[in-house]
**Student:** 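Structure provided below as structure tokens; questions to follow.
For clarity, every value in this text was computed on a predicted model and none was experimentally measured.
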Amino acid sequence: MGKLLIVGTVAFDAIETPFGKTDKILGGAATFIGLAASQFDVDAAIVSVVGEDFPKEYLDLLEEKNIDISAIEIVKGGKTFYWKGKYHNDLNSRDTLATELNVLADFSPVVPENYKNSEVVMLGNLHPSVQKSVIEQMETKPKLIVLDTMNFWMDHALDELLDVIKHVDVITINDEEARQLTNEYSLVKAAAAIHKLGPQYVVIKKGEHGALLFRDDNVFFAPALPLEEVFDPTGAGDTFAGGFAGYLAETKNVSFNNMKSAIIHGSNLASFCVEKFGTERMKGLERKEVTKRLMQFKELTQFDIELQ
């Protein structure tokens, strides 16, 4: 069984979309990554931090999904990271209404001894220096280090971000972030520029328009499955990353061809995430549903053509 180390936030979210709103619910990058990865036969652990206000039932949920939570630090008297956001009508843009770092402000991740030899490391969106500290704790070089980041760190910690990018194999960012990082409008040129920063593979997420995978001159595109209803896009990118990393950890194959399948698995799981608020859809997701939708992806992307 492949080992997958997940580092990121386990948090509270409060979300408002055109379809409704929630009070504080379970969220965080590592949470979504872990729930997606739990769909695969992997030995996964989450490294994160929460406050004493974090409900035990949420931790129990992660354990029930066979995720090792021993490295989720609980700070006595502390408050859990909290994010509140409101999505616009197109669901592609949002306003952040509140961000409370709380215990995350002083988070110093400690990788468990039995996960310092993980084949795949998934670095969820965090301060780049925190991500770098995890890489430095690994005792054996992972087969694959995947990094997710966002424009906030490009604005506020660019030097640290460029430093950690040098040490990863795959970076996953959205199209807007790829353009900001490279000052290139063309995503093909942006991917080439990111390759020069260090990563062998570049995954550019385009939300409802799918995802692109670049390796030098090789390009693969996976569409997003057209859905009748999208309730909440929060966590979709992290769910995608969790499916991507989980599949690669299970198959222990990090070739470009296998990454194509990983992209499809990530997109497939993300299509479930957006159907309900927060983690609701992912909590009870069954393998048979996942397999059925994978077949829809296959039908969506395969065709016969006669060349004259």
Side-chain angles (χ1 to χ4, degrees), residues 1-8 29-47 65-68 111 114-125 131 134-135 138 140-149 164-165 167-173 191 194-195 198-205 210-216 218-222 224 235-273 282 285 287 290-291 293-294 297-298 301:
M1 186 184 295
K3 278 189 180 179
L4 171 64
L5 180 70
I6 300 163
V7 185
T31 303
F32 285 103
I33 293 167
L35 289 174
S38 71
Q39 290 291 326
F40 302 94
D41 186 20
V42 294
D43 178 6
I46 289 177
V47 178
K65 298 293 185 180
N66 294 317
I67 300 168
D68 188 317
V111 177
N114 56 329
Y115 285 92
K116 288 184 177 180
N117 62 348
S118 298
E119 290 100 339
V120 178
V121 176
M122 180 66 231
L123 300 171
N125 179 34
Q131 295 173 320
V134 172
I135 296 173
M138 303 304 293
T140 58
K141 182 175 172 56
K143 277 188 173 183
L144 203 72
I145 301 175
V146 186
L147 175 109
D148 189 35
T149 192
V164 73
I165 285 175
H167 297 88
V168 305
D169 304 294
V170 184
I171 185 170
T172 69
I173 52 177
I194 295 171
H195 279 315
Q200 293 181 334
Y201 303 91
V202 178
V203 177
I204 299 179
K205 300 172 288 186
L212 288 156
L213 169 67
F214 295 89
R215 168 74 193 273
D216 298 328
N218 297 309
V219 185
F220 175 71
F221 172 72
D238 296 312
T239 300
F240 170 88
F244 177 80
Y247 178 80
L248 293 173
E250 179 185 80
T251 56
K252 299 186 179 184
N253 178 347
V254 296
S255 68
F256 182 80
N257 274 340
N258 201 48
M259 279 194 194
K260 293 179 183 178
S261 296
I263 291 278
I264 295 294
H265 279 275
S267 297
N268 188 43
L269 288 170
S271 75
F272 288 102
C273 178
M282 301 304 294
L285 185 60
R287 180 58 69 94
V290 176
T291 302
R293 191 163 290 183
L294 272 174
F297 260 99
K298 186 176 179 181
T301 56

**Student:** Mind checking the CG-OG spacing from Asn66 to Ser38? Nearest 0.5 Å is all I need.
**Tutor:** 8.0 Å

**Student:** Please name the pair of heavy atoms, one in Ala29 and one in Asn125, separated by the smallest distance, quoted to 0.1 Å.
**Tutor:** CB-N, 4.3 Å

**Student:** Is there side-chain contact between Leu35 and Lys65, with at least one heavy-atom pair below 4.5 Å?
**Tutor:** yes

**Student:** So does Asp41 get a backbone contact from the side chain of Glu250, meaning a donor-acceptor N/O pair under 3.5 Å?
**Tutor:** yes

**Student:** Which atom names give the shortest non-hydrogen contact between Met282 and Leu269, and what distance separates them?
**Tutor:**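 Heavy-atom minimum between the residues: SD-O, 3.9 Å.
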
**Student:** Is there a donor in the side chain of Asn258 and an acceptor in the side chain of Thr251, or the other way round, less than 3.5 Å apart?
**Tutor:** yes

**Student:** Is there a side-chain contact between Pro142 and Glu119 in this structure, where contact means two heavy atoms from C-beta onward sitting under 4.5 Å apart?
**Tutor:** no

**Student:** Can you tell me if Gln131 uses its side chain to pair, donor with acceptor, with the backbone of Gly124 under 3.5 Å?
**Tutor:**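 At least one qualifying donor-acceptor pair exists.
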
**Student:** Looking at every non-hydrogen atom in both residues, tell me the closest pair between His195 and Phe214 and how far apart they are.
**Tutor:**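 So the minimum-distance heavy-atom pair works out to CE1-O, 3.6 Å.
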
**Student:** Just to verify, which of Thr291, Ile263, Leu294 counts as forming a side-chain contact (heavy atoms from CB on, under 4.5 Å) with Asn268?
**Tutor:** Leu294

**Student:** With rounding to the nearest 0.5 Å, note down the distance linking CD1 in Ile165 to OG1 in Thr149.
**Tutor:**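 Nearest 0.5 Å value for the CD1-OG1 distance: 6.5 Å.
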
**Student:** Using side-chain heavy atoms (C-beta onward) and a distance below 4.5 Å, is Val168 in contact with Val146?
**Tutor:** no

**Student:** Name the one of Asp68, Asp43, Val121 that satisfies side-chain contact (heavy atoms from CB on, under 4.5 Å) with Lys3?
**Tutor:** Asp43

**Student:** Decide yes or no on salt bridge (charged side-chain N to carboxylate O under 4.0 Å, His left out) for Asp238 and Lys205, but give the supporting numbers first.
**Tutor:** CA-CA 11 Å; Asp238 296 312; Lys205 300 172 288 186; 5.9 Å; no

**Student:** Would a distance-only check, ignoring hydrogens and angles, find a side-chain to backbone donor-acceptor pair under 3.5 Å from Arg293 to Ser271?
**Tutor:** yes

**Student:** Mind checking the CD1-CD1 spacing from Ile204 to Ile173? Nearest 0.5 Å is all I need.
**Tutor:**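 Here the interatomic distance stands at 6.0 Å.
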
**Student:** Which atoms form the tightest heavy-atom contact between Ala44 and Ile6, and what is the distance?
**Tutor:** CB-CD1, 4.3 Å

**Student:** How are the rings of Phe40 and His265 set to each other: parallel, tilted or perpendicular (split at 30° and 60°)?
**Tutor:** perpendicular

**Student:** Would Val111 and Val134 count as a side-chain contact (heavy atoms from CB on, under 4.5 Å) if you check the C-alpha gap in whole Å, the side-chain angles of each, and the deciding distance to 0.1 Å?
**Tutor:** CA-CA 7 Å; Val111 177; Val134 172; 3.9 Å; yes

**Student:** Does any non-hydrogen side-chain atom of Met259 lie less than 4.5 Å from one of Phe244?
**Tutor:** yes

**Student:** With rounding to the nearest 0.5 angstrom, report the OH to CZ distance, Tyr201 to Arg215.
**Tutor:** 4.0 Å

**Student:** So, do Thr140 and Lys116 sit near enough that their side-chain heavy atoms are less than 4.5 Å apart?
**Tutor:**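 With C-beta onward as the side chain, the pair stays apart.
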
**Student:** Is the closest side-chain heavy-atom distance between Thr172 and Leu147 below 4.5 Å?
**Tutor:** no

**Student:** Between Leu5 and Met138, is there a side-chain heavy-atom distance shorter than 4.5 Å?
**Tutor:** yes

**Student:** What's the verdict on side-chain contact (heavy atoms from CB on, under 4.5 Å) for Ile135 and Leu123, showing C-alpha distance, side-chain angles and the deciding distance?
**Tutor:** CA-CA 9 Å; Ile135 296 173; Leu123 300 171; 3.9 Å; yes

**Student:** Ile145 vs Val170, test: side-chain contact (heavy atoms from CB on, under 4.5 Å). Steps then yes/no.
**Tutor:** CA-CA 6 Å; Ile145 301 175; Val170 184; over 6 Å; no

**Student:** Identify the two heavy atoms, one from Ile171 and one from Pro199, that lie closest to each other, and give their separation to 0.1 Å.
**Tutor:**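 Heavy-atom minimum between the residues: CG2-CG, 4.0 Å.
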
**Student:** Mind checking whether Phe240 and Val203 have side chains closer than 4.5 Å, heavy atoms only?
**Tutor:** yes

**Student:** Please give me the minimum heavy-atom distance between Ala222 and Ile264, naming the atom from each residue.
**Tutor:**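 Shortest heavy-atom separation between Ala222 and Ile264 comes out as CB-CD1, 3.7 Å.
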
**Student:** Would you say the side-chain atoms of Asn253 pair up with the backbone N or O of Ser255, donor to acceptor, closer than 3.5 Å?
**Tutor:** yes

